[in-house]
Every structure is written in structure tokens, then in C-alpha cells.
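Down below is the structure, laid out as C-alpha cells.
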Amino acid sequence: MRGNPFKTLRIDVVFFFGFALIVTILVSVVVGLSYINGSREIAENTSYYQQKLLIELHKKLNTALEDIEQSSNTAAQNFIELYEDLPDASQYDRVRGQSSIRSQLNNYVYSMPLLHSIHVYSDLTPTYNVQEYVQFLPLGQLERETWYEDLRNSDYAWLSERKIKTNKGDTSVISFARKAYNRFNRSSAVIVFNVPVPSFQSLIATEDGRSTLALLDATGKLITSTGETAFFVQNEAEIRTQLESRVNGAKKTGDEFLVWSSSLDSQWSLVEITSWEQITAGSLKQTQVILLLGIGAIVLILLLAVFLSRLLVKPIGLLLKAMSNFSLSRRTPLPTDYNNEFGRLFQGYEKLIDRIEELYASLRQQYEHQRAAEIKALQMMINPHFLYNSLDQVNWMAIEASQPEISKMLSHLGQFFRLSLSGGGSLVPLTEELAHIDNYVQFQKIRWEDRLEYSYRIPEEALALYVPKIILQPFVENAFIHGFHGKRQASLILSASIQNERLKIVIMDDGRRLRADWKERRSAKGGYGLSNVQERITALFGGAYGFKLENSPAGGTQAVIDLPVLNTPTVQRGNPYVEGSHH
């Protein structure tokens, strides 16, 4: 995965693409909001004006359809008055009565421009002549009609589009069917008023004729529609749900914008569908113009970004060139006419070069001093050898004088000094530090004899770890000098453990306990030697490590030393020494 581009890419590249990204996002947001707000405003305005149009169409539709419904009611009553006397009449009277009914119904057809024909389902003699406007059909055929279910549980119903036979062939009509009841309140006939679909659709057509309108009855059934009807058929359930929830409203469904209007005093609902693409065509064109302007702005801003990035990168390039060509014998000059941040950066670089030259001169001087110190140190190496040789001579004299205790003490003392004065780094294995302590304790054992008990409790994994050199000796020495002073018996326990990536060393004695003011008393436990230990630990590992003195459970004092776990003699967490104005 690529890292931070501000750290890995060139500044001019980051500058250019950063500008491009920000400007592109801003233009995209502006264009998107413009299109969304424009489309919403257009949709609201379209919905408002279409609602007003549908209300006007409602009024026009109700007037025409109520005329048909009322005429059918009058026709049904007149039909019953003529029909009730026919069953008991002679054949001649029946023919004359049926002719009177036809003549009367023809008057409705002639007087109503919308009406195409009338079908009568009854027990009268069936006659179907395509040249006639009134047709008599057998009552038994009624239940075989596909639309009969709409009328079965109702006195009247509007029927969806269907085809009937006429002198011009099959003609699509929309019908209004009404049952005719006799004096016994039984349905004896059904009268169907047929309206041609074009005439019916003219009632809901708009002036421009471009809208797609649908007419639904109170049950949500589609009666007729203008334009494409597939959408109404596919979304009939959703349209019905919308009509039931609100009388008037609008909703976007896919690429169609749906507007509907229902009247509380009628059974009709008008639904108009407009293509969303057509509605938002103006907003889309406006958005395209804004987008073109935005692209032009992006190009101009990116050209400006290239120009500014070059101005910014040029001084940085000069500085990089000067740094890459740096040499003590030759310096690359930098411009002096910059008064901004780059000017201060150039001045700072010049000061840094001057300081580096001073440091090189100082290093040369230090090198000469170091050579002189090494020669002096070689001369002083004779002193430890003189001490070791002198101790050996005194040791032989003690042996010749039959003083084995003094000989052992001198032997341990010599080994103690060899370990203390030996060369090497600041860190030694814990085993070497324990050997150094053991020589000192053995030295004290000769004096204390059986009155001194000591033990080491060090786990195997801790023996190979590295600790600061001579870190334990001041604590052990303090135990003998201060803790066991004036006592006949003494006990010393040195233990170690590894906890949470830390090496914990505990030196516990049964000597004197700490006084309350031991920190203020320089001669008490924790004097100059222990202060030196704390300073060494802080210098090597930082302030998170160190030691603390406290009263031990054995009745004396214990020192708890906290060190990092080091598997190599390299300090990785110390405070590096750097040169500054104060050091």
C-alpha cells in the first residue's frame, strides 16, 4: 500500500492533483445540487399545474358521465313500465311493446352525442342488427359476459373498454350498465349504454394531446386511458395504494412522474403520467451548461495550479541542488532576493552550512586532543598493573607468614579490582556483575565467618541479560557499611525476575530499617554512590527506569532496581547526546 502522498510524491504533483481533486469535487457538488434542486422545483410546478388541469377535467367528466347515469336511470324506469305488461300480452302486443321500447331507447341515442348504442339484456325477443342502435340480447347471456362480475353485487357499474359488433366492424366502447327492477324489486333486465372509446377519451384529453391520462373508478379499476396503457397495467396495485392514501398527490416512479386527483363527490380518479426525462429536460440542459462552465473553470484553475506549483517548486529545487552538491571545498550560492519563507529557509541553510564548517574545524581540534589523550591513557595503564602486582606481593607475604585469611581477602580484593577496573563498554552480562559482587561478599565472609548468610535467586533466562556495569555494588556495600553496622548476625538475599519486558533486581538485607529522613541525610543509605547509580540509569535508559529504597519484609532494607530487558550490549532506548546551545 502506498504511503502518505505528501511524503512520497513530488510537491508539484501533489499540488496539481490536489487542486484538481478539490475543484472537481466542488464542481460536482454544485452541478449535482443544481440539477437536484432544479428537478425538484420543476416537479413541484408541474405537479401544481397538472393538479389544476385534472380538477378541470374532473368537472367536465362528471357533467358528461352524470348525464349518462341519470339518463340510464330514466330509461330503466320507462323500460319497466312498458315491459311489465308484455309477459301476459298477445304476440302482436309483445311485438308492438318491444318496438315501443326500441323507439324510446333510440331517443336517448339520438339526443346524447356521446352515446353510440344501447344493449338490453331481458326476456324480450333477442334481435341483434348491426344497423340498429338498440340491440336486445337474451338475459341468460348476461352471466357469460366477462364484465358481469363488476355488476353482480351492484345496481350499476361502469365497464372497462370492450369491443362490440357494429356496422363498422368491432368497435371499442366504454359502457355503463344498470339493472332494471320490477315492482317486486327484482332485477328483470340490464340496460347497457355504450360510449365509443374516442368520444369517452375526449372527455379526459388535454389540449396539447401529449399527456398520458387514465380514468379509474372508485375501486381503482382502470376504465380507459390515453397513450401507453402498459404502465397503468403493470403498476395498477401501486397506483391504487396511492389513491387510497391521498386524494391528490404526485410521485416519481422510475422514469415516470405520476400525478393523480380524486373527487370526494364522485367515484372517479384521474391519473396523469409524464416522462421524467421530458420534465427535467430543461434542468438537464441548464446543468450541462453549468457543467461546461465548471470544466472550463477546472482547466483554468489547473493551469493556475501548474503555474503556482512551478513558482513554489523552483526555490525548493535550488535548495535541493545546493544540498546535493554540498562540499567543504565548494559551496553552491543561493538566491538572495527572496524575502518570504523561502528567503528565511535559504538563510537558515547558509547558517547551517556555516555551523557545519565550524563543527568540522572543532572535530579536527578534538581529534588532536583525542590522540594526545590516548597517548596519556597508554601511559597511565601502568597504574592498575602496579596495583595488581603490589597486591600479589602482599598476598605472597601473607602466605609465607601463614595468614590464609589475609591471603584470601587479598585474593578476593585483587579480583574485585580487576573486574572494577577492567575495560569494556557500559553494559556487562548479569553473570559478570554477579561475579563482581560475589568477590566482594566473599571478602566480607572472611570477616563475618558463619555470622553472614547470603544467597542468589537468579533465573537462568536472566543471567544472559545485560545490565550497567557496577550497578549492584553500591547497594551491597551500603548493606554492610550501614545496614549491618553493630549487628552480630547478617543476612543478604539478591534476587531477579523478568516482568512485562523489564528486569527487576531486588537486594534485601535484615539490617537496619530506613529512617524517616533518610533522603535528606547524605550519609544515610542512598548517598552519593546511589545518586550516581540513578544518574547512570537515567542517562542510559531514560526516566522510566531507576531504583527505589524501602523497608524489607525481613526487617531491614531492600533496594528494587528496575531495568529494561537487554539481550545485547547496545542501548536502544537511551537519551542520545546531541550538540546544542546548552551542551
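Scope of the values below: all heavy atoms of this structure, side chains included, with no hydrogens, waters or symmetry mates. The structure displayed is predicted, hence computed values, not measured ones. Numbers here are sequence positions counted from 1.
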Practice task
Search all heavy atoms of Y181 against all heavy atoms of I80 and return the closest pair with its distance.
Solution key: O-CG1, 3.3 Å
Exercise for the section: Heavy atoms only: give me the nearest R502-A544 pair and the separation to one decimal. Expected result: NH1-O, 3.3 Å
Handout entry: pair V197-I174: side-chain heavy atoms closer than 4.5 Å
Key = yes
Practice task
Please name the pair of heavy atoms, one in H116 and one in T166, separated by the smallest distance, quoted to 0.1 Å.
Solution key: CE1-CG2, 3.3 Å
Problem - Shortest non-hydrogen contact from P196 toward L114 - result: CD-O, 3.1 Å
Problem - Side chains of Q98 and T127 in contact at under 4.5 Å (non-hydrogen atoms) - result: yes
Exercise for the section: Show your working on side chain to side chain contact (heavy atoms under 4.5 Å, CB included) between V192 and I118 and close with a plain yes or no. Expected result: CA-CA 6 Å; V192 181; I118 298 176; over 6 Å; no
Problem - Pairwise side-chain contact, F79 with I101, heavy-atom cut-off 4.5 Å (strictly under) - result: yes
Problem - Shortest non-hydrogen contact from P459 toward A496 - result: CD-O, 3.1 Å
Exercise for the section: For S103 and S99, indicate whether the former's side chain and the latter's backbone hold a donor-acceptor pair under 3.5 Å. Expected result: no
Fill in the blank from the handout: Taking every heavy atom of S72 against every heavy atom of F193, the minimum-distance pair comes out as CA-CZ, 3.6 Å
Exercise for the section: Calculate, to the nearest 0.5 Å, the distance between atoms CD and CG belonging to E145 and D150 respectively. Expected result: 12.0 Å
Problem - Partner residues of R344 under the salt bridge (charged side-chain N to carboxylate O under 4.0 Å, His left out) criterion, sequence neighbours left out - result: E341
Exercise for the section: With the side chain counted from C-beta on, respond yes when W147 and S175 share a heavy-atom pair under 4.5 Å apart, and no when they do not. Expected result: no
Completion exercise
Value for CZ (F176) from CG (L151), rounded to nearest 0.5 Å, stands at 9.0 Å
Fill in the blank from the handout: The reported gap from NZ in K165 to OG in S117 (rounded to nearest 0.5 angstrom) is 13.5 Å
Problem - Name of the residue among I505, V506, L503 meeting side-chain contact (heavy atoms from CB on, under 4.5 Å) with I561 - result: I505
Exercise for the section: Could you check if a side-chain atom of Y83 sits within less than 4.5 angstrom of a side-chain atom of S188, using non-hydrogen atoms only? Expected result: yes
Validation: residues 299-306 side-chain donor-acceptor distances under 3.5 Å, sequence neighbours left out:
none

Practice task
Give a yes or no on whether D337 atom CG has more than 12 heavy-atom contacts from other residues, nucleotides or ligands under 6.0 Å away.
Solution key: yes
Problem - Any T74 side-chain heavy atom under 4.5 Å of Y108 side chain - result: yes
Practice task
Calculate, to the nearest 0.5 Å, the distance between atoms CD1 and CG belonging to I191 and L105 respectively.
Solution key: 6.0 Å
Problem - Any donor-acceptor N/O pair, S199 side chain to V195 backbone, under 3.5 Å - result: no
Practice task
Report yes if the side chains of R162 and N194 come closer than 4.5 Å at any heavy-atom pair, otherwise no.
Solution key: yes
Handout entry: Aromatic ring pairing F541/Y545, orientation class (parallel under 30°, perpendicular over 60°, tilted between)
Key = perpendicular
Problem - Gap between atom CZ of R102 and atom CD of Q135 - 0.5 Å precision - result: 6.5 Å
Practice task
Examine distances only and state if a side-chain atom of K179 and a backbone atom of R152 form a donor-acceptor pair shorter than 3.5 Å.
Solution key: yes
Problem - Q104 and L82, any side-chain heavy atoms less than 4.5 Å apart - result: yes
Handout entry: Residues that S100 engages under side-chain hydrogen bond (donor to acceptor under 3.5 Å, both in side chains), provided they are two or more places apart
Key = none
Problem - Reported CH2-to-CD distance for the pair W158 and E69, which is rounded to 0.5 angstrom - result: 6.0 Å
Practice task
Mark yes or no for whether E161, through its side chain, and V173, through its backbone, hold a donor-acceptor pair below 3.5 Å.
Solution key: no
